[in-house]
Chemist: 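Next up is a structure, given as structure tokens.
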Amino acid sequence: MLILTRKLNEEINIDGEITIKIISISDNQVKLGIEAPRDVQIVRKEVLERVKENTQDALKKSKDLPAEIKGLKIKKI
């Protein structure tokens, strides 16, 4: 893990495509601004973990579904 010290309005650049800027610092909170290409997914870790848990729960529950329901396909509208 790389650990950097940055001050207000300073930036970090990753691979020439992603810029992270310190927007504000107060008490126990730092606000970051992130500029990245549209195809780069940026997600808070706690949200990503929750999505993973929900997906795993849904997969477990889907194994208990009747065969008729498992065979159904979802069509995009």
Side-chain angles (χ1 to χ4, degrees):
M1 176 187 294
L2 173 64
I3 299 174
L4 300 171
T5 301
R6 299 280 77 200
K7 295 179 182 175
L8 187 62
N9 293 318
E10 291 185 332
E11 299 177 347
I12 297 167
N13 187 275
I14 301 171
D15 200 30
E17 293 188 349
I18 300 170
T19 301
I20 301 172
K21 183 176 183 177
I22 308 303
I23 302 297
S24 69
I25 304 169
S26 62
D27 296 328
N28 200 21
Q29 190 176 52
V30 176
K31 288 187 182 178
L32 304 173
I34 303 171
E35 290 182 28
R38 289 194 176 273
D39 63 333
V40 174
Q41 186 179 23
I42 302 171
V43 183
R44 294 188 333 239
K45 185 175 181 177
E46 64 273 13
V47 173
L48 183 61
E49 292 299 323
R50 206 171 322 133
V51 169
K52 285 181 182 178
E53 288 173 11
N54 289 342
T55 302
Q56 289 173 349
D57 289 346
L59 285 171
K60 287 177 188 174
K61 289 178 183 176
S62 72
K63 292 177 183 176
D64 298 332
L65 293 175
E68 306 85 48
I69 294 176
K70 286 183 183 180
L72 294 176
K73 293 185 180 181
I74 299 173
K75 292 183 180 180
K76 292 184 181 180
I77 299 173

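All values reported here derive from a predicted model rather than from experimental measurement.
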Chemist: How many angstroms lie between CD in Gln56 and CD in Glu53, if you round to the nearest 0.5 Å?
Modeler: 7.5 Å

Chemist: What are the two closest heavy atoms between Val43 and Leu48, and how far apart are they?
Modeler: CG1-N, 3.9 Å

Chemist: What is the distance from atom CD1 of Ile12 to atom CG of Leu2, rounded to the nearest 0.5 Å?
Modeler: 8.0 Å

Chemist: According to a 4.5 Å side-chain heavy-atom criterion applied to Ile, Leu, Val, Met, Phe, Trp and Tyr, with indirect links allowed, do Val40 and Ile14 form part of one hydrophobic cluster?
Modeler: yes

Chemist: What are the two closest non-hydrogen atoms of Thr5 and Glu10, and how far apart are they?
Modeler: O-OE1, 4.4 Å

Chemist: What are the two closest non-hydrogen atoms of Leu8 and Ser24, and how far apart are they?
Modeler: CD1-CA, 3.5 Å

Chemist: Count the heavy atoms belonging to other residues, nucleotides or ligands that lie under 6.0 Å from CD of Glu35, then report whether that count exceeds 12.
Modeler: no

Chemist: Checking side chain to side chain contact (heavy atoms under 4.5 Å, CB included) between Val47 and each of Lys45, Arg44, Glu49, which is the one that passes?
Modeler: Arg44

Chemist: Work out which heavy atom in Glu11 is nearest to a heavy atom in Arg6; give both atom names and the distance.
Modeler: O-NH1, 3.4 Å

Chemist: Quick one: pull up CG in Asn9 and CD1 in Ile22 and give me the separation to the nearest 0.5 Å.
Modeler: 9.5 Å

Chemist: Closest heavy-atom contact between Ile18 and Ala36?
Modeler: CG1-CB, 3.9 Å

Chemist: Is the count of non-hydrogen atoms from other residues, nucleotides or ligands lying under 6.0 Å from Glu46 atom CD greater than 12?
Modeler: yes

